[in-house]
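Before any comments, here is the structure.
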Amino acid sequence: MAAVGQEEENVDHYEVLCLPSGEEGAALSLEQIEKAYKTQSRLRHPDKRPDDPNATADFQRLASSYKFLRDESLRRQFDARLRGRREAAARAAASGVKRRKAVSDLEERERAAAAGQAVDAAEAAKREDKRKAADVKRELDEFFAAKQSTASGTASTSAHGAPQDGVKTDKSKILKVSWEGGADYYTAAKLEEIFKQFGKVEDIVIKTRKSRSRGSAIVVMASKEAAQSALKNHSVYNVFSVPLIVAPMQESSGVPARSTLTPETRTSNVGGTGFSDLEASVFRKLQEAQKRKQGG
């Protein structure tokens with residue numbers, strides 16, 4: 001127990017081994033943990049990273065987390081601690097929502113009292129709907145303005161002055177990633193954590209989900225060598241509960257590959273991985289407004 005210091009409190013040992021955390025991590029077998037450790041130790045050995053000053057410390061942390069998770073007693077305590085953190089975060093989020101609602105209601109009553117008027121619940125609801133509709137319109141304007149800006153900025157000119165269809169990208173650096181078993185299982189942050197072990201990740205774009213069971217994304221590596229390394233190490237992707245399928249972005253006859261996404265479903269690269277969050281936020285608010293309208 002004494003070996004579990006303050007530093008251990010802030011380390012997610014599952015993430016160190018590039019394994020899913022939380023309830024999924026708690027359900028992993030020792031064989032799966034050992035398999036992940038062997039894979040990561042080969043990839044992250046200091047001899048393979050002579051130019052990385054943090055390679056030795058990273059490798060030592062990997063070995064320490066593996067040893068920690070092999071101890072059943074320490075692992076049970078660790079899983080319980082993670083579960084407690086998740087529950088506390090959920091309670092805090094729920095409390096925050098209730099508190100903001102209470103403050104909003106109080107401010108509304110105070111404004112009405114100051115004006116010498118009784119608070120009309122129906123009128124207050126209408127005003128709130130108008131405010132939210134204005135917020136949605138503003139975000140939509142920003143969303144489409146950003147898309148328009150990206151579209152106008154992607155056109156480039158060749159050495160002969162002829163316009164091209166878009167910025168020419170080295171397709172050998174681009175990977176197509178897909179998975180079955182839950183479209184929302186992988187986020188951009190989670191994919192970046194997995195692929196950065198092969199080299200620098202320039203961008204990750206989560207494609208708009210048409211299926212609840214199947215997800216896909218585009219991963220842009222910083223170099224061709226990093227992309228090739230990611231393609232060669234297939235064993236890395238099989239340790240997860242939901243395995244990844246990784247393939248190269250192909251071109252044919254020198255013609256740039258066309259995206260299968262329509263303009264309405266394309267996730268733009270404005271602001272990197274965060275742009276898909278803006279799109280999701282906008283359309284989520286539209287759906288909420290539509291539900292309120294139908295309920296009224």
Side-chain angles (χ1 to χ4, degrees), residues 3-5 7-22 24-25 28-71 74-75 78 169-179 185-206 215-251 272-273:
V4 184
E7 184 178 351
E8 293 288 348
E9 293 289 332
N10 300 320
V11 174
D12 189 329
H13 299 288
Y14 293 111
E15 289 186 356
V16 172
L17 272 70
C18 291
L19 288 168
S21 187
E24 291 184 63
L28 291 171
S29 66
L30 287 177
E31 288 76 12
Q32 289 175 304
I33 293 173
E34 182 177 3
K35 182 178 179 181
Y37 170 70
K38 289 181 178 179
T39 299
Q40 292 299 317
S41 62
R42 287 196 303 270
L43 292 171
R44 294 156 64 177
H45 196 280
D47 291 345
K48 292 188 177 182
R49 303 155 63 187
D51 298 328
D52 186 350
N54 300 318
T56 300
D58 178 62
F59 189 75
Q60 290 173 345
R61 182 175 60 183
L62 176 67
S64 175
S65 290
Y66 172 60
K67 182 178 179 181
F68 186 96
L69 292 177
R70 283 183 59 84
D71 188 312
L74 291 178
R75 184 182 175 191
F78 177 64
T169 304
D170 185 355
K171 300 294 182 182
S172 64
K173 300 192 303 181
I174 304 178
L175 304 172
K176 295 187 294 184
V177 183
S178 60
W179 58 92
Y185 184 81
Y186 289 102
T187 62
K190 197 169 185 178
L191 289 174
E192 182 178 10
E193 184 67 26
I194 293 171
F195 283 92
K196 73 179 182 181
Q197 61 189 293
F198 305 112
K200 182 180 179 182
V201 179
E202 285 190 347
D203 201 2
I204 296 177
V205 180
I206 302 290
S216 61
I218 297 296
V219 178
V220 183
M221 306 299 291
S223 66
K224 178 180 179 181
E225 290 73 20
Q228 289 176 341
S229 177
L231 289 169
K232 289 178 182 178
N233 291 280
H234 287 286
S235 60
V236 175
Y237 315 120
N238 295 327
V239 300
F240 304 108
S241 302
V242 178
L244 289 172
I245 301 172
V246 182
M249 177 70 75
Q250 300 288 346
E251 287 187 356
T273 56

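In this text the structure is predicted, and so the values were computed from the model without any measurement.
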Parallel, tilted or perpendicular: rings of Tyr37 and Tyr66 (30°, 60°): parallel
Charged tip of Lys190 within 45° of Tyr185 ring normal and under 6.0 Å: yes
Side chains of Phe195 and Ile204 in contact at under 4.5 Å (non-hydrogen atoms): no
Heavy-atom check, side chain of Leu28 versus side chain of Arg75, under 4.5 Å: yes
Sub-4.5 Å side-chain heavy-atom contact between Tyr186 and Ile194: yes
Ignoring hydrogens and angles, write down the donor-acceptor pairs under 3.5 Å from the side chains of residues 217-233, residues two or more places apart or on other chains.
residue: Ser223; atom: OG; partner: Ala226; partner atom: N; Å: 3.1
residue: Asn233; atom: ND2; partner: Ser229; partner atom: O; Å: 2.7

His13 and Phe68 aromatic ring geometry - parallel, tilted or perpendicular at 30°/60° bounds: parallel
Test item: Thr39 side-chain N/O and Lys35 main-chain N/O as donor-acceptor pair under 3.5 Å: yes
Distance, nearest 0.5 Å, that separates CG of Asp58 from CG of Asp52: 7.5 Å
Heavy-atom pair with the smallest gap, counting every atom of Val11 and Ser65: CG1-OG, 4.3 Å
Gln32 CD to Leu17 CG distance, which is reported to the nearest 0.5 Å: 12.0 Å
Closest non-hydrogen atom pair between Pro20 and Tyr14, with its separation: O-CB, 3.7 Å
Heavy-atom check, side chain of Cys18 versus side chain of Arg44, under 4.5 Å: yes
Value rounded to 0.5 Å, distance of CD in Glu192 from CD in Glu202: 11.5 Å
Side-chain touch Leu244/Leu191, heavy atoms, less than 4.5 angstrom: yes
Spacing of CG belonging to Leu62 relative to NE2 belonging to His45, to within rounding of 0.5 Å: 10.5 Å
Residues Lys38 and Glu34 bridged, charged N to O under 4.0 Å: yes
Straight-line distance of Ile245 CD1 to Lys176 NZ, nearest 0.5 Å: 11.5 Å
